[in-house]
Amino acid sequence: MLTKKELLKYKKLKDKMAPCFIDPENESLQEFSQALCEAFATSHGKTRKEIEEESTELIAAFDIDNVLARGLEKLCFDLLTFESLLSGETAQFRQQVFQASMDMLSSGASTVSMEEHRDAVVNLMSSHSSEVYTKNQVESFLYSDLPEFHKVTELKPITPAQLLNKYNVSLVQGLLFYCSK
């Protein structure tokens, strides 16, 4: 649903608000929604940040009203299910990384470069754990609880025509959300 006012296209006439519906038969909208649906259909395993970057490039490639494009993008995001890489264990993992880093620094190895420090922390973590970590794993797990690093685990398929019709329905829902009478 479109609940952010900046994603709603409407006209205000005196005391009334009228949604600016789109024509689902419009060719340029069909082309854009086709490209958007295809981009989101291949998003399984990608992070929210990666998908946002791809859709921003896609929006820039089409001559579509930005509010409309962002609204369609938001509806596509609503069809995705995201999860953190470590679920609820990110804070515990982060504490282990910080502890390993503190142990490294207190050992007197403060004259090493940042890259050498990172490598040493990863090695120290692996030696204190039953799991062997790589530098990339540690970097991706460290902030995996932030929304931009959540990965897509599930997506509900949608056709371009369904997306365009869903936009019109969401316009009405969004406006009703803000109505007082």
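Remember, it's a predicted structure, so these values are computed and weren't measured experimentally. Only heavy atoms go into these numbers, but all of them, side chains included; no hydrogens, no water, no symmetry mates.
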### Between SG on residue C76 and CG on residue L72, distance to nearest 0.5 Å
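Those atoms lie 7.0 Å apart.
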#### Entry: Value rounded to 0.5 Å, distance of CG in L2 from CG in L75
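Atom-to-atom, L2:CG and L75:CG are 4.5 Å apart.
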Kindly say whether [Y] contributes a backbone atom to a donor-acceptor pair with the side chain of [X] at under 3.5 angstrom?
X    : Y    : result
T81  : T153 : no
S84  : S144 : yes
S43  : F40  : yes
E38  : A35  : no
D78  : M1   : yes
K151 : R48  : no
E139 : N136 : no

Does the side chain of [X] reach to within under 4.5 Å of the side chain of [Y], using non-hydrogen atoms?
X    : Y    : value
E154 : L80  : no
K135 : R118 : yes
H117 : S101 : yes
F141 : V97  : no
L163 : C37  : yes

### Query
Within a reach of under 6.0 Å around CG of D23, are more than 12 heavy atoms found that belong to other residues, nucleotides or ligands?
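Atom CG in D23 is packed in, count exceeds 12.
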### Task
Flag yes if more than 12 heavy atoms outside E27 fall under 6.0 Å of its CD atom; otherwise flag no.
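12 or below, so no.
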For the rings on [X] and [Y], is their centre-to-centre separation under 6.0 Å?
X    : Y    : value
F93  : Y133 : yes
Y167 : F21  : no
Y143 : F149 : no

For [X] and [Y], does a side-chain donor sit closer than 3.5 Å to a side-chain acceptor?
X   : Y   : value
E31 : S28 : no
Q99 : Q95 : no
Q30 : N26 : no

### Task
Go through the steps for E52 and K49 under the test salt bridge (charged side-chain N to carboxylate O under 4.0 Å, His left out), then give the verdict.
CA-CA 5 Å; E52 285 173 352; K49 186 177 182 179; over 6 Å; no
#### Entry: Steps toward side chain to side chain donor-acceptor pair (under 3.5 Å) verdict (H150, T47)
CA-CA 5 Å; H150 289 181; T47 64; over 6 Å; no
### Query
So which heavy atom on L124 is nearest to which on A100, and how close?
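The pair with the smallest heavy-atom distance is CD2-O, 3.3 Å.
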### Query
Salt bridge check: are K46 and E54 linked by an N-O gap of less than 4.0 Å?
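Looking at E54 together with K46, the answer is yes, because their closest N to O distance falls below 4.0 Å.
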